[in-house]
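Data block below; observations after.
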Amino acid sequence: MTRPLSAYRVVELGTLPAGAYAARLFADFGAEVIKVEPPGGDPARTFPPMIDAKTSGWFAYLNYGKKSVTSDAVDLDALLGGAQVLIDSTGLDHSAHPHLVAVDLSWFGKSGPYRDFKATDAMCRALAGFVQLIGPAEGPPLTLPDYQSAIMGGLATFIPAMAALIGGRSRTWEVSVHEATVALAEYQAIEGWATGPQKRWGFNRFTPTYPMGVYRCKQGWIGITIVTPAQWKSFCDLMGMPELGRDPDHVMGGERLARADALEARFIPRFLDRTAEEWFALGLELRLPFAIVPDMAQVLSWPVFRGRKAIVPITIGDQTIEAPGSPFHLTATPANFGGRVPDLGEHNALCRPERSEGPDAPSKGVLWSEREVLRAAQDDRRPLTGLRIIDLSMGWAGPICTRNLADLGADVIKIEACGYPDWWRGVDNRIETVTQRLYEKSHRFNIMNRGKRAITLDLTVPEGVALAKALVKGADAVIENYSAEVLRKFGLDYPELAKVNPSLVMVSMAAFGSTGPWKETRAYGSTLEQGSGLPSVAGRPDDPPMMNHLAFGDAVGGLNACSAMLIALLHRKRTGQSQFIDLSQVQCMLPFAAAWAIEQSATGRITPRAGNRHPLYRPHGVFPSSGIDKWIFVAATDDAMWKALAQVIGWRGPRTTEEEIERAVAAWTCRRSADDAMEILQRAGVVAGVVRHPVELIDDPHLKARGFWQWIERAYVGRHPQPSPPYRESDSPVTVTTPAATLGQYNEEVLTGVLGLSKSEIERLRREGVIGTEALPPAQRKARAMTG
């Protein structure tokens, strides 16, 4: 099978793991990826977890399927001359190759006060607002040691590079791993800006949803997420406390969270009555968002993953281990099933400047002529201009996918219904929510849905379905994140829509995919993290499995959906082939746990949990600073950095007892503000970063200097901040110009301009309730649901 990216050569320079992951995504779909390593090898080759004396599981995961050359043995200029894509974290001047789609990748970007900061994965997450709300209420905040920002930065690199290939012209992007990681905190940042900062509630507790956490069962652990009033009622009935499900003081999550201790005293003992598998089965039956929380051995063995070929073989030397594979489940052009990890410099003599060997070798030379390159330099259109995407998604995951597509120039038409608006407008159906239009004041909805044309269609009636199909007929792609069977019931699933548009690309985003026994699993972003096993490796040795985010899986699922759709769209551009992308959002979370899964596969165990400590760096952790609940992350990653840290804090003892070193660091940091301590330590060359609260990101000096927050006006909320994409083509970010639409705001523009309906037809649709601009009151919603 010819892979969809087999026409491309990608050159990877530098040692940032985010760059390695982005390049690996290209390799998954057939691109010839040439990894240029320093003569001594990528430092990741010796990064934990080590699966034998000389093999890193993390390096293996980032680099299988690539070719390795060393910088002292190849003609880099000639390699770039025959390449189409460059992923570079070295700062190379590549202006001599204007034909390239190039991504200049760094921790913090090319400008701003953090530009030259020393960083680690955990430090980057601390500065990005990802750490402060996790862990015990009394502190310190807790974070995983590695691997998380690398995946986010890799996705943020892959997306604009793919968009440029679709746009058919050379471009140079700048990508900040820090800003890519902010995508996981921007929702909490905007909510804090609007309503005040959230607090750290303790293990597995998060504003504004409750209960949401991981609980011990008779055997195993169960993850639960209860959001809506109806879910709370069903949960209380299941747990034998029906009176609480009908208590008016417990309708919404915030009200329940304030009474969490008393509520948990009621339901936690009940979980011990059954196994996690039994509770999960009951959750499926009642359509409650439950998930079994697996350990790494279960991740590797579960039929729900193995049946989708989510676990793949990786060959390292003469041994084969297992690891999570590509999460992009393209059904017509699937990813490579695993691959081989290259030895250092293995391909020095095999990588020819203009063409490499193999049946899917890239075409000789560049994709664009000199004339096309010169013309492209004068073309300021965004790369996806001309594409139309129909967005049937709601919440966070689907909308962040289409937000990126809109930021890159696509025309996104978002379809809601007056009876069923996007649930991120709010799930509170009390009458005052509707009469006061509180659903128009949701800031989290507003940051996810900018740049889109939103319309309303009642998909429970034939005319609404017919209009949706008419829009799909002229579109390039569709995305949806309903439960697996919802669109099939409406006649809007892929087989039906492909009849309308034979070249359609469609992404579906069920929690465990659209097939298998768990396809009907109800899920939120928290459910996806729970189901991935990531909580089992987080926290301190005696802690329960620890969730690392309010809704980790939502943003991750959306960015993976965007990446997968771009591969399919590029393939369709070259071949005309339609494609269904059967995304499992839980599978999209597996890369974050990949290093532990590989360690489990290779050794039969994983390194014990150690809280904020690191298996390689000492010290490595979160330390108190002056002020209430203010913290700073500090790490010494090599001997020179340790000496600098010791000099700053006045340490004169040996680098032996970790507890004593941590006490000395804490004694120094607690006398200073977190920002002052960060500046002092960074000037000395030590990794240090403030553990930012998400709301503090709005005024973060680095993000402000880079223009990351863009302020725009919108009806009902006025002037408000919008986060920029983590990729940009100039010193300024990609401009945000259009705010999120009010409900049905673009009904007439789309139905007239795209479908050619007359004003009288639109008025009739409005009278009959097929379209509208106001959410239905609760009684009308119930009546509509019963008749539908």
Side-chain angles (χ1 to χ4, degrees), residues 384 386-395 398-403 405-407 409-426 434 437 439-440 442 445-482 486-487 490-492 496-497 500-501 504 506-507 714-716 737-776 780-781 784 788:
L384 300 185
L387 289 179
R388 177 166 292 156
I389 314 296
I390 305 303
D391 184 358
L392 292 168
S393 70
M394 298 186 182
I400 198 173
C401 167
T402 49
R403 185 185 81 181
L405 298 171
D407 287 341
D411 175 21
V412 177
I413 298 176
K414 180 181 177 71
I415 298 177
E416 302 176 80
C418 293
Y420 306 95
D422 186 318
W423 58 71
W424 259 29
R425 291 187 188 270
V434 177
R437 295 202 182 188
Y439 54 84
E440 294 291 10
S442 168
F445 174 88
N446 291 340
I447 64 169
M448 292 302 157
N449 292 284
R450 64 172 185 236
K452 307 173 188 178
R453 298 196 287 173
I455 67 170
T456 53
L457 290 176
D458 185 351
L459 299 180
T460 67
V461 299
E463 192 160 13
V465 172
L467 290 169
K469 286 184 175 180
L471 288 170
V472 170
K473 183 177 182 179
D476 298 282
V478 172
I479 182 170
E480 62 91 8
N481 64 344
Y482 289 97
V486 172
L487 289 187
F490 292 150
L492 292 172
E496 291 300 314
L497 294 181
V500 174
N501 183 345
L504 183 69
M506 183 168 179
V507 178
R714 181 188 181 273
Y716 296 99
T737 57
T738 307
T742 56
L743 189 64
Q745 179 179 342
Y746 289 90
N747 283 345
E748 186 168 348
E749 178 178 306
V750 169
L751 297 178
T752 300
V754 177
L755 298 185
L757 272 61
S758 66
K759 289 188 176 182
S760 61
E761 289 175 305
I762 291 174
E763 181 56 37
R764 177 184 61 79
L765 292 170
R766 187 179 294 114
R767 287 197 309 269
E768 295 175 359
V770 179
I771 66 174
T773 56
E774 296 182 29
L776 294 178
Q780 290 186 36
R781 292 193 196 189
R784 180 70 58 85

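One is the number of the first residue; the rest follow in order along the sequence. Keep in mind that what you see is a predicted model, and the values were worked out from it rather than measured. Keep in mind that the numbers below use all heavy atoms, side chains included, and drop hydrogens, waters and symmetry copies.
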- Message: With heavy-atom distances below 4.5 Å as the criterion, would you say the side chains of I455 and L467 are in contact?
- Response: no

- Query: What are the two closest heavy atoms between W424 and F445, and how far apart are they?
  - Reply: O-CB, 3.4 Å

- Quick check: does any side chain N or O of N481 sit under 3.5 Å from a backbone N or O of M394, one acting as donor and the other as acceptor? yes

- Note on the structure: So OG of S442 and CE of M448: to nearest 0.5 Å the spacing works out to 10.0 Å

- Query: Checking side chain to side chain contact (heavy atoms under 4.5 Å, CB included) for the pair K759/E748: CA distance, chi angles, key distance, verdict?
  - Reply: CA-CA 8 Å; K759 289 188 176 182; E748 186 168 348; 3.6 Å; yes

- CG of D458 to CD1 of I415: how many Å apart, nearest 0.5 Å? 12.0 Å

- Message: If you compare all heavy atoms of L392 against all heavy atoms of V478, which two are closest, and at what distance to 0.1 Å?
- Response: CD1-CG1, 4.0 Å

- Query: Do L497 and L487 come within less than 4.5 Å of each other through their side chains, counting heavy atoms only?
  - Reply: no

- What residues form a salt bridge (Lys or Arg N to Asp or Glu O under 4.0 Å) with R764, not counting sequence neighbours? E463, E768

- Message: On a heavy-atom basis, which atom in K452 and which in P399 lie closest, and how many Å separate them?
- Response: NZ-O, 2.9 Å

- OH (Y420) and OH (Y482) are apart, to the nearest 0.5 Å, by 10.0 Å

- Item | Gap between atom CD of E749 and atom CD1 of I413 - 0.5 Å precision | 9.0 Å

- Ignoring hydrogens and angles, state whether a donor on the side chain of K414 or T402 is under 3.5 Å from an acceptor on the partner side chain. no

- Sorted by chain and residue number, the side-chain hydrogen bond (donor to acceptor under 3.5 Å, both in side chains) partners of R437 (sequence neighbours excluded) come out as Y716, E774

- Message: So which atom in G451 and which in A406 form the shortest heavy-atom distance, rounded to 0.1 Å?
- Response: O-CB, 3.7 Å

- Approximate separation, where rounding is to 0.5 Å, of Q745 CD and T773 OG1: 10.0 Å

- Between the side chain of T456 and the main-chain N/O of G744, is any donor-acceptor distance below 3.5 Å? no

- Just wondering, do R450 and D407 contact through their side chains at under 4.5 Å, heavy atoms? yes

- Are the side chains of L405 and L387 in touch, meaning some heavy atoms are under 4.5 Å apart? no

- Item | Intermediate values then yes/no, side chain to side chain contact (heavy atoms under 4.5 Å, CB included), L765 and N747 | CA-CA 10 Å; L765 292 170; N747 283 345; over 6 Å; no

- Going from CD on E416 to OH on Y439, what distance comes out if it is rounded to the nearest 0.5 angstrom? 10.5 Å

- Test log, rule side chain to side chain contact (heavy atoms under 4.5 Å, CB included), inputs V754 and R453: CA-CA 12 Å; V754 177; R453 298 196 287 173; 3.7 Å; yes

- Check against side chain to side chain contact (heavy atoms under 4.5 Å, CB included), E496 and K469: CA-CA 9 Å; E496 291 300 314; K469 286 184 175 180; 4.2 Å; yes

- Query: Quick one: does L743's side chain get under 4.5 Å of E440's, heavy atoms only?
  - Reply: yes

- Message: Minimum heavy-atom separation for G419 and P421, please, with both atom names.
- Response: C-CD, 3.6 Å

- Query: Which pair of heavy atoms, one from I762 and one from I771, lies closest together, and at what distance?
  - Reply: O-CD1, 3.7 Å

- Query: D476 side chain to R388 main-chain N or O, any donor-acceptor pair under 3.5 Å?
  - Reply: yes

- Query: Partners of E761 by salt bridge (Lys or Arg N to Asp or Glu O under 4.0 Å), sequence neighbours excluded?
  - Reply: none

- Exam field: side chain D391 to backbone V412, donor-acceptor pair closer than 3.5 Å: no

